[in-house]
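Remarks on the structure that follows.
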Amino acid sequence: MTKLSVNINKIATLRNARGGNNPDVVKVALDAERFGAQGITVHPRPDERHIRYQDVLDLKEAVTTEFNIEGYPDKRLMELIRTVRPEQVTLVPDPPHVLTSNAGWDTITHQIQLKDIIAELHTYGARVSIFINPELKYFEPAKEIGTDRVELYTEPYAALFPKSKHAAVKPFVEAAHLAKKLDLGLNAGHDLDLHNLRFLKESIPFLDEVSIGHALICDALYYGLENTIQMYRRQLEF
Ligand SMILES: CC(=O)[C@@H](O)[C@H](O)COP(=O)(O)O
Ligand SMILES: NCC(=O)COP(=O)(O)O
């Protein structure tokens with residue numbers, strides 16, 4: 001079964017736009033779980049453009065499905081993880097200034113840094129996933145640094161999908177099979193939506209989890225959050 005983890009960053013974006021607490025990030029997370037979300041994902045960034053560090057502390061007290069905290073492993077994030085102790089941490093090589101996540105880890109260059117960080121996160125009881133491009137050379141080093149899972153960075157898949165879905169998915173299928181051979185758990189995320197998700201799942205049926213935020217929240221503006229979550233769940237269960 002491939003689990004759907006709903007990323008609620010954009011709920012916080014909307015909340016921050018007016019300075020109050022509407023929409024209430026915690027309430028939306030609980031409703032999303034009630035509507036069928038099998039996990040809640042947040043990605044606090046140093047500038048707190050959307051999810052704030054306090055949101056993460058508040059969500060920890062409320063979320064009952066898997067809580068997945070994404071981010072660059074700077075001192076502040078590591079301290080947050082030590083405090084919150086989520087079920088999963090997804091490490092993302094985001095520099096602070098980027099508009100959104102735009103690449104996976106170079107697990108060759110950063111092997112020593114990542115190995116130590118992953119070891120520390122394991123002491124906090126977290127399952128660790130690292131964001132990764134579908135480049136095969138990064139997978140054995142990923143295994144060596146001790147990560148439990150890798151998360152395929154699917155923006156390139158989403159970008160090429162409208163032109164050629166088979167060409168788009170090919171590198172991801174190859175990478176997925178290598179991850180499986182290396183006994184790495186397999187997540188996927190970034191720019192997945194109602195158009196491209198089912199084909200990804202058909203092509204990689206052993207995906208453990210997808211984390212989806214931007215497109216899902218945009219779709220919810222038209223279809224409603226409950227209906228939208230059910231629509232995304234149906235793309236994974238067939
Ligand atoms: C790691 C990942 O792909 C998501 O967390 C993405 O970075 C969403 O971040 P924004 O919501 O800030 O675009
Ligand atoms: N890890 C991907 C994620 O959490 C959401 O990415 P997106 O669906 O907002 O592009």
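Note that the coordinates shown come from a computational prediction; the quantities given were computed from them, not determined experimentally. Start at 1 and go down the list; that is how both ligands and their atoms are numbered.
- A donor-acceptor pair under 3.5 Å is absent between the side-chain atoms of D191 and the main chain of A158, judged by distance alone.
- Looking only at atom types and distance, the side chain of K10 has no donor-acceptor partner in the side chain of H50 under 3.5 Å away.
- Here the heavy atom of the protein found nearest to atom 3 (O) of ligand 1 is H190 ND1, 2.6 Å.
- Ring-centre distance between Y157 and H190: not below the 6.0 Å cut-off.
- When only non-hydrogen protein atoms are considered, atom 7 (O) of ligand 1 lies nearest to S101 OG, 2.3 Å.
- Within ligand 1, the atoms closer than 4.0 Å to a non-hydrogen atom of N9 are 8 (C), 9 (O), 10 (P), 11 (O), 12 (O), numbered from 1 in the order shown.
- The closest protein non-hydrogen atom to atom 4 (C) of ligand 1 is E70 OE1, 3.3 Å.
- Protein heavy atom in closest approach to atom 12 (O) of ligand 1: H50 NE2, 2.7 Å.
- Close contacts between ligand 1 and T100 involve ligand atoms 6 (C), 7 (O), 8 (C), 9 (O), 10 (P), 13 (O) [criterion: under 4.0 Å to a heavy atom].
- In the model, T228 has no side-chain atom that pairs as donor or acceptor with a side-chain atom of D219 under 3.5 Å.
- Minimum heavy-atom separation, K143 to L184: CD-CD2, 3.9 Å.
- Short contacts between ligand 1 and K10, defined as distances under 4.0 Å to a heavy atom of the residue, involve ligand atoms 10 (P), 11 (O), 13 (O).
- Side-chain atoms of R15 and N22, non-hydrogen and from C-beta on, never get closer than 4.5 Å to each other.
- In terms of the ring pair (Phe, Tyr, Trp, His ring centres under 6.0 Å) criterion, residue partners of F206 (sequence neighbours excluded) are, by chain and number, H177.
- Between the side chains of N68 and T41, at least one donor N or O lies within less than 3.5 Å of an accepting N or O.
- For the pair Y232 (side chain) and I212 (backbone), a donor-acceptor distance under 3.5 Å is absent.
- In this structure, W105 and Y72 have parallel ring planes: the angle between them is below the 30° cut-off, well short of the 60° mark.
- With E66 as the fixed residue, the side chain to side chain donor-acceptor pair (under 3.5 Å) test singles out one of Q38, Q88, K3, R127: R127.
- For ligand 2, the protein residues placed under 4.0 Å by at least one non-hydrogen atom are N7, T41, E70, E151, G189, H190, D191, S211, I212, G213, H214.
- Atoms of ligand 1 lying under 4.0 Å from at least one heavy atom of N7, given by number and element, are 5 (O).
- Which parts of ligand 1 touch F131 is read off a 4.0 Å heavy-atom cut-off, strictly below it: atoms 1 (C), 2 (C), 3 (O).
- In terms of polar-atom proximity, H43 is counted as a contact of ligand 1, with an N or O under 3.5 Å from an N or O of the ligand.
- Distance from atom 9 (O) of ligand 1 to its nearest protein heavy atom, with residue and atom name: R45 NH2, 2.7 Å.
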